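Okay, so here's the structure we're looking at.
The model shown is predicted, which means the values in this text are computed figures rather than measured ones. Atoms within each ligand, like the ligands themselves, are counted from 1 in listed order.
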Amino acid sequence: MTGGERELRTGTNMPAIGGYNQAVVLDAVRRASEGLSRVELAERTGLSAQTIGNVTRRLLEAGLVEETGKVVNGRGKPRTILQLRPQGSFAVGVHIDPAVITYVVLDLRGGVVAHSRTRTPSASRPGDVVDLMARSIRHLIDDSGVDRSKVLGVGIASPGPIDAESGTVLDPPMLPRWQDVPLRAALSEATGLPVLLEKDVTAAAVAELWFATGSSRANFAFVYYGTGFGTGLVIGREAIRGASSNAGDAGHITVDPDGIVCRCGRTGCIGDLITPRSLVTQAVEAGVLARPAVDPDDPFDMTTITRAFYELAESAGSGDPAAISILHAAGRHLARALVVIVNLLDLDEIVFGGPFWEEIGDALLEVIPYAVESSPALIPKHALTFVRSSIGEDVAAVGAACLVLDYAFSPRPSAMLISV
Ligand SMILES: [Zn+2]
(Lines give C-alpha, C1' and ligand atoms only; values in the text may rest on other atoms or scores of the structure.)
Protein backbone atom coordinates (compact mmCIF):
# COMPACT_ATOMS: atom_id res chain seq x y z
CA MET A 1 0.00 0.00 0.00
CA THR A 2 1.42 3.35 -0.98
CA GLY A 3 0.05 6.18 1.05
CA GLY A 4 -3.59 5.29 0.43
CA GLU A 5 -4.28 5.08 4.12
CA ARG A 6 -2.83 8.49 4.76
CA GLU A 7 -4.92 9.97 1.98
CA LEU A 8 -8.10 8.54 3.45
CA ARG A 9 -7.22 9.91 6.87
CA THR A 10 -6.91 13.44 5.61
CA GLY A 11 -10.41 13.13 4.22
CA THR A 12 -9.79 15.63 1.45
CA ASN A 13 -11.74 13.62 -1.10
CA MET A 14 -14.42 12.32 1.18
CA PRO A 15 -15.01 15.28 3.46
CA ALA A 16 -18.17 13.89 5.04
CA ILE A 17 -16.46 10.84 6.48
CA GLY A 18 -13.10 11.23 8.11
CA GLY A 19 -11.10 9.20 10.55
CA TYR A 20 -10.63 5.57 11.31
CA ASN A 21 -13.12 5.39 14.19
CA GLN A 22 -15.94 6.81 12.09
CA ALA A 23 -15.16 4.23 9.42
CA VAL A 24 -15.19 1.43 12.00
CA VAL A 25 -18.50 2.58 13.50
CA LEU A 26 -20.16 3.18 10.11
CA ASP A 27 -19.08 -0.24 8.92
CA ALA A 28 -20.53 -1.90 12.02
CA VAL A 29 -23.82 -0.02 11.60
CA ARG A 30 -23.95 -0.92 7.90
CA ARG A 31 -23.53 -4.61 8.61
CA ALA A 32 -26.36 -4.69 11.16
CA SER A 33 -29.53 -4.43 9.09
CA GLU A 34 -31.66 -3.99 12.23
CA GLY A 35 -29.39 -1.26 13.54
CA LEU A 36 -27.32 -1.17 16.73
CA SER A 37 -27.46 0.60 20.07
CA ARG A 38 -24.44 2.54 21.32
CA VAL A 39 -23.76 -0.21 23.88
CA GLU A 40 -23.79 -2.83 21.12
CA LEU A 41 -21.54 -0.62 18.99
CA ALA A 42 -19.02 -0.41 21.82
CA GLU A 43 -19.09 -4.21 22.16
CA ARG A 44 -18.66 -4.85 18.43
CA THR A 45 -15.97 -2.29 17.75
CA GLY A 46 -13.97 -2.46 20.95
CA LEU A 47 -14.19 1.33 21.24
CA SER A 48 -14.92 2.98 24.59
CA ALA A 49 -18.40 4.24 25.42
CA GLN A 50 -17.06 7.78 25.36
CA THR A 51 -15.51 7.38 21.89
CA ILE A 52 -18.72 5.80 20.59
CA GLY A 53 -20.65 8.76 21.99
CA ASN A 54 -18.37 11.26 20.24
CA VAL A 55 -18.27 9.39 16.95
CA THR A 56 -22.02 8.79 16.75
CA ARG A 57 -22.67 12.44 17.53
CA ARG A 58 -20.49 13.46 14.58
CA LEU A 59 -22.15 10.87 12.32
CA LEU A 60 -25.60 12.12 13.36
CA GLU A 61 -24.57 15.72 12.65
CA ALA A 62 -23.23 14.69 9.24
CA GLY A 63 -26.56 12.98 8.46
CA LEU A 64 -24.93 9.60 7.87
CA VAL A 65 -26.77 7.73 10.63
CA GLU A 66 -30.16 8.27 12.24
CA GLU A 67 -31.87 7.25 15.45
CA THR A 68 -34.73 4.91 14.68
CA GLY A 69 -36.45 4.09 17.95
CA LYS A 70 -35.67 2.40 21.20
CA VAL A 71 -35.53 -1.17 22.40
CA VAL A 72 -35.94 -2.35 25.94
CA ASN A 73 -33.51 -5.06 26.99
CA GLY A 74 -34.34 -6.64 30.36
CA ARG A 75 -34.50 -4.17 33.22
CA GLY A 76 -31.96 -1.71 31.83
CA LYS A 77 -33.06 1.61 30.45
CA PRO A 78 -34.27 1.63 26.82
CA ARG A 79 -31.51 1.83 24.22
CA THR A 80 -31.67 4.08 21.18
CA ILE A 81 -31.05 2.24 17.91
CA LEU A 82 -28.78 3.76 15.29
CA GLN A 83 -29.13 2.92 11.61
CA LEU A 84 -27.48 4.10 8.43
CA ARG A 85 -29.30 6.98 6.83
CA PRO A 86 -29.59 5.86 3.20
CA GLN A 87 -29.86 9.44 1.91
CA GLY A 88 -26.77 10.47 3.87
CA SER A 89 -24.42 9.93 0.95
CA PHE A 90 -24.47 8.57 -2.57
CA ALA A 91 -22.02 7.04 -5.03
CA VAL A 92 -22.06 6.78 -8.81
CA GLY A 93 -21.00 3.57 -10.55
CA VAL A 94 -20.11 3.34 -14.23
CA HIS A 95 -19.44 0.16 -16.11
CA ILE A 96 -17.79 0.27 -19.52
CA ASP A 97 -18.47 -2.75 -21.64
CA PRO A 98 -17.49 -2.64 -25.31
CA ALA A 99 -21.20 -2.95 -26.13
CA VAL A 100 -22.92 -0.87 -23.42
CA ILE A 101 -22.10 1.66 -20.73
CA THR A 102 -24.18 1.31 -17.55
CA TYR A 103 -24.61 4.02 -14.92
CA VAL A 104 -26.08 3.69 -11.42
CA VAL A 105 -26.49 5.93 -8.39
CA LEU A 106 -26.34 4.04 -5.07
CA ASP A 107 -27.46 5.32 -1.70
CA LEU A 108 -25.43 4.74 1.46
CA ARG A 109 -27.06 1.35 2.01
CA GLY A 110 -26.30 0.20 -1.52
CA GLY A 111 -29.81 0.71 -2.88
CA VAL A 112 -29.95 1.66 -6.58
CA VAL A 113 -31.77 5.01 -6.74
CA ALA A 114 -31.14 5.69 -10.43
CA HIS A 115 -29.96 3.73 -13.42
CA SER A 116 -29.30 4.37 -17.11
CA ARG A 117 -27.63 2.66 -20.00
CA THR A 118 -26.20 3.82 -23.33
CA ARG A 119 -24.59 1.99 -26.20
CA THR A 120 -20.82 2.36 -26.23
CA PRO A 121 -20.18 4.56 -29.27
CA SER A 122 -18.25 2.13 -31.44
CA ALA A 123 -16.31 4.52 -33.64
CA SER A 124 -15.58 7.17 -31.05
CA ARG A 125 -12.26 8.22 -29.72
CA PRO A 126 -11.86 7.69 -25.95
CA GLY A 127 -12.05 11.46 -25.41
CA ASP A 128 -15.54 11.52 -26.92
CA VAL A 129 -16.57 8.60 -24.72
CA VAL A 130 -15.31 10.43 -21.60
CA ASP A 131 -17.40 13.50 -22.54
CA LEU A 132 -20.44 11.28 -23.11
CA MET A 133 -19.89 9.58 -19.75
CA ALA A 134 -19.57 12.90 -17.92
CA ARG A 135 -22.81 14.14 -19.51
CA SER A 136 -24.62 10.90 -18.69
CA ILE A 137 -23.44 11.06 -15.06
CA ARG A 138 -24.62 14.68 -14.75
CA HIS A 139 -28.05 13.79 -16.20
CA LEU A 140 -28.40 10.73 -14.00
CA ILE A 141 -27.62 12.70 -10.82
CA ASP A 142 -30.04 15.47 -11.89
CA ASP A 143 -32.81 13.00 -12.77
CA SER A 144 -32.36 11.08 -9.52
CA GLY A 145 -33.04 14.22 -7.47
CA VAL A 146 -29.95 13.50 -5.39
CA ASP A 147 -28.15 16.52 -3.94
CA ARG A 148 -24.89 16.62 -5.89
CA SER A 149 -22.97 17.73 -2.81
CA LYS A 150 -23.79 14.36 -1.24
CA VAL A 151 -22.22 12.35 -4.06
CA LEU A 152 -18.97 10.92 -2.68
CA GLY A 153 -17.48 10.04 -6.03
CA VAL A 154 -17.58 7.91 -9.15
CA GLY A 155 -16.39 4.32 -9.45
CA ILE A 156 -15.53 3.01 -12.91
CA ALA A 157 -15.51 -0.66 -13.78
CA SER A 158 -13.41 -1.09 -16.91
CA PRO A 159 -12.25 -4.03 -18.98
CA GLY A 160 -8.65 -4.90 -18.12
CA PRO A 161 -5.81 -4.65 -18.20
CA ILE A 162 -5.70 -1.46 -16.15
CA ASP A 163 -2.97 0.43 -14.35
CA ALA A 164 -4.69 1.03 -11.03
CA GLU A 165 -1.90 3.24 -9.72
CA SER A 166 -2.22 5.83 -12.48
CA GLY A 167 -5.92 5.19 -13.18
CA THR A 168 -5.19 4.21 -16.78
CA VAL A 169 -7.00 1.79 -19.06
CA LEU A 170 -4.16 0.01 -20.90
CA ASP A 171 -5.16 -1.97 -24.00
CA PRO A 172 -8.30 -4.04 -23.47
CA PRO A 173 -8.60 -6.64 -26.24
CA MET A 174 -12.25 -5.82 -26.97
CA LEU A 175 -11.76 -2.04 -27.07
CA PRO A 176 -9.27 -1.63 -29.91
CA ARG A 177 -9.19 2.18 -29.81
CA TRP A 178 -8.51 2.32 -26.09
CA GLN A 179 -4.80 2.39 -25.43
CA ASP A 180 -3.28 4.02 -22.39
CA VAL A 181 -6.38 6.10 -21.66
CA PRO A 182 -5.95 8.07 -18.40
CA LEU A 183 -9.61 7.51 -17.63
CA ARG A 184 -9.59 8.33 -13.92
CA ALA A 185 -8.04 11.76 -14.39
CA ALA A 186 -10.09 12.57 -17.50
CA LEU A 187 -13.41 11.66 -15.91
CA SER A 188 -12.54 13.39 -12.66
CA GLU A 189 -11.77 16.56 -14.57
CA ALA A 190 -14.95 16.27 -16.65
CA THR A 191 -17.25 15.64 -13.66
CA GLY A 192 -15.47 17.49 -10.84
CA LEU A 193 -15.87 14.36 -8.70
CA PRO A 194 -13.29 11.97 -7.19
CA VAL A 195 -13.00 8.86 -9.36
CA LEU A 196 -11.88 5.29 -8.65
CA LEU A 197 -10.91 2.81 -11.35
CA GLU A 198 -11.30 -0.95 -10.96
CA LYS A 199 -11.27 -3.91 -13.29
CA ASP A 200 -14.83 -4.88 -14.25
CA VAL A 201 -14.62 -8.45 -12.94
CA THR A 202 -13.27 -7.32 -9.57
CA ALA A 203 -15.99 -4.67 -9.30
CA ALA A 204 -18.58 -7.38 -9.92
CA ALA A 205 -17.08 -9.55 -7.18
CA VAL A 206 -17.04 -6.56 -4.81
CA ALA A 207 -20.76 -6.03 -5.44
CA GLU A 208 -21.50 -9.64 -4.54
CA LEU A 209 -19.43 -9.24 -1.36
CA TRP A 210 -21.31 -6.10 -0.40
CA PHE A 211 -24.71 -7.73 -0.58
CA ALA A 212 -23.67 -11.14 0.77
CA THR A 213 -25.65 -12.53 3.67
CA GLY A 214 -24.93 -15.37 6.05
CA SER A 215 -22.09 -17.69 5.15
CA SER A 216 -22.34 -17.17 1.39
CA ARG A 217 -19.75 -15.44 -0.80
CA ALA A 218 -16.70 -16.20 1.32
CA ASN A 219 -14.59 -18.03 -1.29
CA PHE A 220 -15.92 -17.63 -4.78
CA ALA A 221 -15.21 -16.81 -8.39
CA PHE A 222 -17.48 -14.40 -10.18
CA VAL A 223 -17.72 -15.64 -13.76
CA TYR A 224 -18.18 -12.45 -15.68
CA TYR A 225 -19.76 -12.88 -19.09
CA GLY A 226 -19.76 -9.70 -21.14
CA THR A 227 -18.29 -8.94 -24.53
CA GLY A 228 -15.34 -10.84 -23.11
CA PHE A 229 -14.97 -13.36 -20.31
CA GLY A 230 -13.12 -13.04 -17.02
CA THR A 231 -13.35 -13.93 -13.36
CA GLY A 232 -13.43 -11.82 -10.22
CA LEU A 233 -11.92 -13.67 -7.27
CA VAL A 234 -12.73 -13.53 -3.57
CA ILE A 235 -10.85 -15.48 -0.90
CA GLY A 236 -11.76 -15.18 2.77
CA ARG A 237 -14.24 -12.38 1.94
CA GLU A 238 -11.50 -10.24 0.39
CA ALA A 239 -11.39 -9.37 -3.29
CA ILE A 240 -8.12 -10.60 -4.82
CA ARG A 241 -6.47 -7.94 -6.95
CA GLY A 242 -2.89 -9.14 -7.29
CA ALA A 243 0.24 -7.08 -7.91
CA SER A 244 -1.32 -4.73 -10.47
CA SER A 245 -5.08 -5.10 -9.87
CA ASN A 246 -5.40 -7.37 -12.88
CA ALA A 247 -6.02 -10.73 -11.19
CA GLY A 248 -8.65 -13.08 -12.54
CA ASP A 249 -7.84 -13.28 -16.23
CA ALA A 250 -8.66 -16.89 -16.97
CA GLY A 251 -9.26 -16.38 -20.68
CA HIS A 252 -6.28 -18.37 -21.92
CA ILE A 253 -7.04 -21.61 -20.11
CA THR A 254 -7.09 -24.26 -22.85
CA VAL A 255 -10.36 -26.18 -22.87
CA ASP A 256 -10.53 -27.55 -26.41
CA PRO A 257 -7.27 -28.71 -28.03
CA ASP A 258 -9.12 -28.91 -31.37
CA GLY A 259 -10.69 -25.49 -30.98
CA ILE A 260 -10.20 -22.24 -32.84
CA VAL A 261 -6.86 -20.40 -32.81
CA CYS A 262 -6.81 -17.75 -30.13
CA ARG A 263 -5.12 -14.36 -30.54
CA CYS A 264 -2.42 -15.74 -28.22
CA GLY A 265 -1.53 -18.24 -30.95
CA ARG A 266 -2.70 -21.37 -29.15
CA THR A 267 -5.92 -23.26 -29.79
CA GLY A 268 -9.07 -23.66 -27.76
CA CYS A 269 -8.69 -20.90 -25.15
CA ILE A 270 -11.89 -20.52 -23.10
CA GLY A 271 -11.98 -16.74 -23.48
CA ASP A 272 -12.16 -16.97 -27.25
CA LEU A 273 -14.49 -19.97 -27.41
CA ILE A 274 -17.45 -18.66 -25.46
CA THR A 275 -17.65 -14.94 -26.20
CA PRO A 276 -20.93 -13.78 -27.74
CA ARG A 277 -19.01 -13.19 -31.00
CA SER A 278 -17.65 -16.75 -31.03
CA LEU A 279 -21.05 -18.30 -30.24
CA VAL A 280 -22.57 -16.29 -33.11
CA THR A 281 -19.85 -17.59 -35.46
CA GLN A 282 -20.52 -21.16 -34.32
CA ALA A 283 -24.26 -20.63 -34.86
CA VAL A 284 -23.66 -19.36 -38.40
CA GLU A 285 -21.46 -22.39 -39.18
CA ALA A 286 -24.13 -24.73 -37.78
CA GLY A 287 -26.84 -23.09 -39.89
CA VAL A 288 -28.72 -21.77 -36.86
CA LEU A 289 -28.21 -18.13 -37.84
CA ALA A 290 -27.82 -16.32 -41.16
CA ARG A 291 -24.44 -14.61 -41.39
CA PRO A 292 -24.88 -11.24 -39.67
CA ALA A 293 -24.06 -8.18 -41.79
CA VAL A 294 -21.20 -6.86 -39.67
CA ASP A 295 -20.23 -3.26 -40.42
CA PRO A 296 -17.18 -3.61 -42.72
CA ASP A 297 -15.69 -0.42 -41.27
CA ASP A 298 -15.98 -1.72 -37.75
CA PRO A 299 -14.63 -5.21 -37.14
CA PHE A 300 -15.79 -4.87 -33.52
CA ASP A 301 -19.37 -4.12 -34.52
CA MET A 302 -20.97 -5.16 -31.22
CA THR A 303 -24.41 -3.81 -32.15
CA THR A 304 -24.78 -6.40 -34.90
CA ILE A 305 -23.11 -9.16 -32.88
CA THR A 306 -25.40 -8.44 -29.93
CA ARG A 307 -28.51 -8.71 -32.11
CA ALA A 308 -27.34 -12.04 -33.55
CA PHE A 309 -26.44 -13.31 -30.07
CA TYR A 310 -29.97 -12.53 -28.82
CA GLU A 311 -31.33 -14.40 -31.82
CA LEU A 312 -29.24 -17.46 -30.95
CA ALA A 313 -30.43 -17.34 -27.33
CA GLU A 314 -34.03 -17.06 -28.52
CA SER A 315 -33.65 -20.08 -30.82
CA ALA A 316 -32.26 -22.11 -27.92
CA GLY A 317 -35.08 -20.87 -25.68
CA SER A 318 -37.68 -22.04 -28.18
CA GLY A 319 -36.13 -25.51 -28.34
CA ASP A 320 -33.96 -25.48 -31.49
CA PRO A 321 -31.69 -28.50 -30.88
CA ALA A 322 -28.76 -27.08 -32.88
CA ALA A 323 -28.86 -23.82 -30.91
CA ILE A 324 -29.14 -25.70 -27.60
CA SER A 325 -26.22 -27.92 -28.60
CA ILE A 326 -23.99 -24.85 -29.19
CA LEU A 327 -24.85 -23.45 -25.74
CA HIS A 328 -24.39 -26.82 -24.03
CA ALA A 329 -20.96 -27.18 -25.65
CA ALA A 330 -20.12 -23.68 -24.36
CA GLY A 331 -21.24 -24.79 -20.89
CA ARG A 332 -19.00 -27.86 -20.98
CA HIS A 333 -16.05 -25.75 -22.13
CA LEU A 334 -16.64 -23.26 -19.34
CA ALA A 335 -16.88 -26.14 -16.85
CA ARG A 336 -13.37 -27.31 -17.82
CA ALA A 337 -11.96 -23.88 -17.04
CA LEU A 338 -13.92 -23.75 -13.79
CA VAL A 339 -12.37 -27.01 -12.62
CA VAL A 340 -8.91 -25.44 -13.00
CA ILE A 341 -9.97 -22.31 -11.12
CA VAL A 342 -11.71 -24.23 -8.32
CA ASN A 343 -8.68 -26.51 -7.92
CA LEU A 344 -6.25 -23.60 -7.84
CA LEU A 345 -8.08 -21.60 -5.18
CA ASP A 346 -10.20 -24.22 -3.38
CA LEU A 347 -13.40 -22.29 -4.02
CA ASP A 348 -16.83 -23.53 -2.99
CA GLU A 349 -19.02 -21.14 -4.91
CA ILE A 350 -19.26 -19.94 -8.51
CA VAL A 351 -21.36 -16.87 -9.20
CA PHE A 352 -22.39 -16.11 -12.78
CA GLY A 353 -23.31 -12.73 -14.22
CA GLY A 354 -22.46 -9.90 -16.58
CA PRO A 355 -24.34 -8.15 -19.35
CA PHE A 356 -24.71 -11.16 -21.66
CA TRP A 357 -25.21 -13.89 -19.07
CA GLU A 358 -28.96 -13.51 -18.60
CA GLU A 359 -29.78 -14.62 -22.16
CA ILE A 360 -27.86 -17.90 -22.12
CA GLY A 361 -27.39 -18.62 -18.40
CA ASP A 362 -30.27 -21.11 -18.12
CA ALA A 363 -28.96 -23.21 -21.00
CA LEU A 364 -25.36 -23.23 -19.75
CA LEU A 365 -26.37 -24.06 -16.18
CA GLU A 366 -28.16 -27.15 -17.47
CA VAL A 367 -24.73 -28.68 -18.03
CA ILE A 368 -22.15 -26.79 -15.92
CA PRO A 369 -22.74 -28.22 -12.39
CA TYR A 370 -22.62 -31.84 -13.54
CA ALA A 371 -19.68 -31.23 -15.89
CA VAL A 372 -17.63 -29.67 -13.07
CA GLU A 373 -18.60 -32.10 -10.32
CA SER A 374 -18.10 -35.22 -12.44
CA SER A 375 -14.73 -34.07 -13.78
CA PRO A 376 -11.94 -36.52 -12.91
CA ALA A 377 -9.69 -33.46 -12.61
CA LEU A 378 -11.67 -31.89 -9.77
CA ILE A 379 -9.67 -32.06 -6.53
CA PRO A 380 -11.64 -30.51 -3.60
CA LYS A 381 -14.21 -32.91 -2.16
CA HIS A 382 -16.53 -30.35 -0.60
CA ALA A 383 -19.84 -29.28 -2.12
CA LEU A 384 -19.87 -26.62 -4.82
CA THR A 385 -22.60 -24.05 -5.29
CA PHE A 386 -23.46 -22.57 -8.69
CA VAL A 387 -25.58 -19.44 -8.49
CA ARG A 388 -26.61 -16.47 -10.56
CA SER A 389 -25.52 -13.03 -9.44
CA SER A 390 -27.94 -11.68 -6.86
CA ILE A 391 -27.56 -8.24 -8.41
CA GLY A 392 -28.25 -8.89 -12.08
CA GLU A 393 -26.80 -7.39 -15.20
CA ASP A 394 -25.83 -4.06 -13.56
CA VAL A 395 -23.49 -5.92 -11.21
CA ALA A 396 -20.22 -4.31 -12.33
CA ALA A 397 -21.65 -0.76 -12.21
CA VAL A 398 -23.14 -1.46 -8.77
CA GLY A 399 -19.78 -2.87 -7.67
CA ALA A 400 -17.94 0.23 -8.90
CA ALA A 401 -20.25 2.40 -6.78
CA CYS A 402 -19.84 0.02 -3.80
CA LEU A 403 -16.08 0.59 -4.06
CA VAL A 404 -16.62 4.30 -3.56
CA LEU A 405 -18.75 3.58 -0.49
CA ASP A 406 -16.17 1.06 0.72
CA TYR A 407 -13.41 3.59 0.25
CA ALA A 408 -15.40 6.11 2.23
CA PHE A 409 -16.30 3.98 5.18
CA SER A 410 -14.64 0.63 5.29
CA PRO A 411 -11.92 0.33 7.93
CA ARG A 412 -10.28 -2.56 6.05
CA PRO A 413 -6.96 -1.57 4.47
CA SER A 414 -7.74 -3.39 1.22
CA ALA A 415 -10.54 -0.95 0.51
CA MET A 416 -7.99 1.84 0.38
CA LEU A 417 -5.76 0.37 -2.29
CA ILE A 418 -7.05 2.59 -5.00
CA SER A 419 -6.44 6.23 -4.28
CA VAL A 420 -8.43 9.03 -5.86
ZN1 LIG B 1 -5.36 -17.77 -25.84
Side-chain angles (χ1 to χ4, degrees), residues 96-99 157-164 169-180 199-205 221-233 240-286 294 298-302 305-306 308-309 312 326-345 347 350 352-357 360 364 367-368 371-372 375 377-378 396:
I96 305 164
D97 182 89
S158 161
I162 60 168
D163 181 338
V169 178
L170 298 174
D171 54 345
M174 303 285 179
L175 283 165
R177 293 175 185 83
W178 288 57
Q179 272 206 339
D180 301 334
K199 205 166 98 150
D200 48 11
V201 291
T202 308
F222 189 102
V223 170
Y224 181 87
Y225 188 65
T227 302
F229 154 82
T231 59
L233 302 170
I240 302 302
R241 294 188 168 86
S244 68
S245 292
N246 287 297
D249 205 320
H252 295 287
I253 295 178
T254 303
V255 293
D256 180 8
D258 305 317
I260 51 176
V261 177
C262 173
R263 63 179 180 278
C264 75
R266 298 181 307 155
T267 49
C269 293
I270 182 65
D272 253 27
L273 267 176
I274 63 160
T275 58
R277 172 182 300 274
S278 175
L279 295 185
V280 165
T281 304
Q282 292 166 41
V284 170
E285 282 164 6
V294 175
D298 180 12
F300 291 86
D301 179 1
M302 276 312 293
I305 296 295
T306 302
F309 173 77
L312 166 64
I326 288 167
L327 297 187
H328 280 182
R332 282 189 293 273
H333 286 141
L334 184 51
R336 286 190 179 179
L338 290 177
V339 168
V340 175
I341 297 165
V342 167
N343 283 349
L344 193 64
L345 299 167
L347 306 173
I350 309 290
F352 298 88
F356 289 95
W357 179 257
I360 60 164
L364 266 66
V367 298
I368 287 173
V372 172
S375 168
L378 184 71

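- Side-chain atoms of R263 do not come within 3.5 Å of backbone N or O of D272 as any donor-acceptor pair.
- Side chains of R266 and V261 form no contact here, defined as non-hydrogen atoms less than 4.5 Å apart.
- Side chains of Q179 and L170 form no contact here, defined as non-hydrogen atoms less than 4.5 Å apart.
- For a distance threshold of 2.8 Å, the protein N, O or S atoms nearer than that to the Zn ion (ligand 1), listed by chain and number, are H252 ND1, C262 SG, C264 SG, C269 SG.
- Of the residues I274, I360, V367, the one that meets the side-chain contact (heavy atoms from CB on, under 4.5 Å) test with L327 is I360.
- Shown here are the ring pair (Phe, Tyr, Trp, His ring centres under 6.0 Å) partners of Y224, two or more places apart in sequence or in another chain: H95.
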>> Is there a ring pair (Phe, Tyr, Trp, His ring centres under 6.0 Å) between Y225 and F352? Walk through the geometry before answering.
In response: CA-CA 8 Å; Y225 188 65; F352 298 88; 9.9 Å; no
